There are 2 protein chains.
Amino acid sequence: MSRADRLMDLLDRLRGAGETTIEALAADLEVSQRTVHRDLAALRDRGHPIRGESGPGGGVRYDGDRGVTAVHLTLAEVVTVWLSARLSQAASDLPWSGAANSALAKLLASLPASRARDLRALCRRVVVGAPSSAQVRADAGTAPPELLRLFEEAFTEGVGLGFHYCDREGKPSDRRVEPHGLLVMSPVWYVLARDIDKGEPRMFRMDRMSQPRRLDAHRFRPDDLVIAQVLCDGPPWRPLLGDLP
Amino acid sequence: MSRADRLMDLLDRLRGAGETTIEALAADLEVSQRTVHRDLAALRDRGHPIRGESGPGGGVRYDGDRGVTAVHLTLAEVVTVWLSARLSQAASDLPWSGAANSALAKLLASLPASRARDLRALCRRVVVGAPSSAQVRADAGTAPPELLRLFEEAFTEGVGLGFHYCDREGKPSDRRVEPHGLLVMSPVWYVLARDIDKGEPRMFRMDRMSQPRRLDAHRFRPDDLVIAQVLCDGPPWRPLLGDLP
DNA sequence: AGGACCCTGACAGATTCTGTCAGCAATGTC
DNA sequence: GACATTGCTGACAGAATCTGTCAGGGTCCT
């Protein structure tokens with residue numbers, strides 16, 4: 001039996017048995033005690049809560065459901081983690097960025113299937129572009145504080161979003177849009193939307209929006225096509241490879 | 001990474017992603033496609049319902065309802081998530097950034113006490129500064145690819161790190177240092193270290209380093225004082241509040 | 001003190017694993 | 001039907017990993 005098989009067997013045994021000893025495990029798996037220690041270390045390195053107790057009557061046990069509750073993340077929290085990881089990978093090669101993918105995979109794997117589907121659908125609508133140019137970065141403002149929450153809600157729930165907008169030339173207008181997508185380019189971000197009144201796909205920069213409000217009356221189904229349309233004739237942006245792991 | 005680790009990672013990825021291809025998995029896990037096939041076979045042998053579909057648009061998927069399992073992240077993975085979250089909060093106010101703290105808190109709560117301690121100790125040595133100025137950003141290069149892994153190892157394990165360095169004026173030198181800390185300023189990052197030969201605290205920018213190597217012979221205890229010393233007389237940097245939740 | 005436990009480091013030989021090459025099978029597209 | 005795409009399998013040599021042994025360190029209970 002290969003080491004990989006043995007490690008998984010060991011994990012099953014630890015989860016099953018309440019408490020065992022290294023000696024018993026070694027006999028069970030037909031390897032030396034030293035090897036069992038090594039295997040336990042490997043599992044611990046992977047984050048498994050395995051505790052050893054010294055002294056007579058001691059042993060090894062898996063602390064699965066003892067005080068340590070399984071992580072129960074909300075949809076928003078997983079999206080956060082996903083987005084952050086993508087962004088830091090986009091920034092450049094930072095230390096530890098390699099582990100981001102595996103962390104995301106594990107988080108996704110832990111979610112119930114239906115929720116994982118929702119999450120994937122949500123992430124498909126978020127486009128992470130390369131960080132903005134120095135020029136954009138220089139005149140980037142801040143988004144109105146209440147926009148964040150309102151956008152998140154409208155985006156996830158599929159309801160319309162209304163706001164005041166000042167375009168590049170400073171011309172003001174009042175908009176009612178369907179927020180289909182989100183484009184993030186490091187310090188600034190854009191709402192990829194379909195204008196309800198004009199029926200046209202458009203993108204709106206977050207620091208040019210003001211007085212956001214929910215349009216509960218208007219609901220829509222997120223459509224990837226709108227995102228594609230906006231990105232086609234929008235300002236230059238570079239897509240980043242890397243969908244969901 | 002050992003095969004055993006890779007097999008478990010593979011399983012997580014299969015459960016996390018809805019459907020992938022051998023090619024993507026191979027790239028992700030950094031092995032050949034043949035090896036991915038072998039690993040999939042091993043998992044199938046253990047009874048995992050993994051189905052492959054031939055033809056264009058085909059792929060591999062995990063059938064069956066994976067139950068809600070607990071998340072077990074590696075130390076490196078938690079550091080990744082922590083660092084990413086900090087960085088994207090530093091960048092600006094992006095949507096969903098509010099949930100980052102609660103996500104981190106939940107992840108931390110799920111760790112065994114001893115692991116949480118390790119994590120805190122590690123994160124205390126990582127300083128997240130504000131994104132670099134446009135000037136620095138303009139002439140920022142890329143780090144040598146093998147530096148990432150080597151630095152991570154040396155940093156966490158407390159072993160020395162050797163490398164060639166070209167300072168601001170382009171003067172080359174060969175260095176042997178103890179990597180005590182890490183300063184991240186958006187696209188660039190610095191190793192906060194103590195020079196073994198000169199005994200002085202110094203900081204080294206990642207894109208000025210080359211030919212990195214482990215110095216297994218030299219071990220050290222991480223010391224916050226070195227970090228403080230380096231940051232005192234280094235170039236300007238702005239600390240970001242926000243320790244671990 | 002002493003014994004029953006868990007844990008860690010070093011080392012050499014044995015085992016396993018990995019990439020390459022080569023080919024086959026299934027599925028969809030033109 | 002030809003073709004491209006994708007999954008799957010076999011063989012093999014070199015490289016990497018793993019394993020047992022030995023030796024020591026802790027902790028806890030009696």
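Chain identifiers are assigned alphabetically (A, B, ...) following the order of the sequence lines, protein sequences preceding nucleic acid strands; residue numbering begins at 1 within each chain. Model, not experiment: these values are computed from the prediction.
- The number of heavy-atom neighbours closer than 6.0 Å to CZ of B:Arg117, taken from other residues, nucleotides and ligands shown, is 12 or below.
- Residue B:Ser54 places none of its side-chain N or O atoms closer than 4.0 Å to OP1 or OP2 of C:dT27.
- For the residue pair A:Pro201 and A:Val230, the shortest heavy atom distance occurs at CB-CG2, 3.5 Å.
- In this entry the distance linking CD1 of A:Ile22 with P of C:dC7 reads 6 Å, nearest Å.
- Contact annotation for A:Glu53: backbone-only contact, meaning every heavy-atom pair under 4.0 Å involves sugar-phosphate atoms and none involves a base.
- Salt-bridge check for B:Arg202 with B:Asp195: failed, with every basic side-chain N at 4.0 Å or more from each acidic carboxylate O.
- Note on A:Arg34: every side-chain N or O is 4.0 Å or more away from OP1 and OP2 of D:dG20.
- Taking atom CG of A:Leu40 as the reference point, atom P of D:dT19 lies 13 Å away to the nearest angstrom.
- Nucleic acid contact class of B:Arg51 (heavy atoms, under 4.0 Å, all strands): none.
- Using a 4.0 Å cut-off, no side-chain N or O of A:Ser32 falls inside it from OP1 or OP2 of D:dT19.
- Taking only side-chain nitrogens and oxygens, A:Arg6 comes nearer than 4.0 Å to OP1 or OP2 of D:dT19.
- Checking A:Ser84 against B:Ser84 by side-chain atom types alone, no donor-acceptor pair falls below 3.5 Å.
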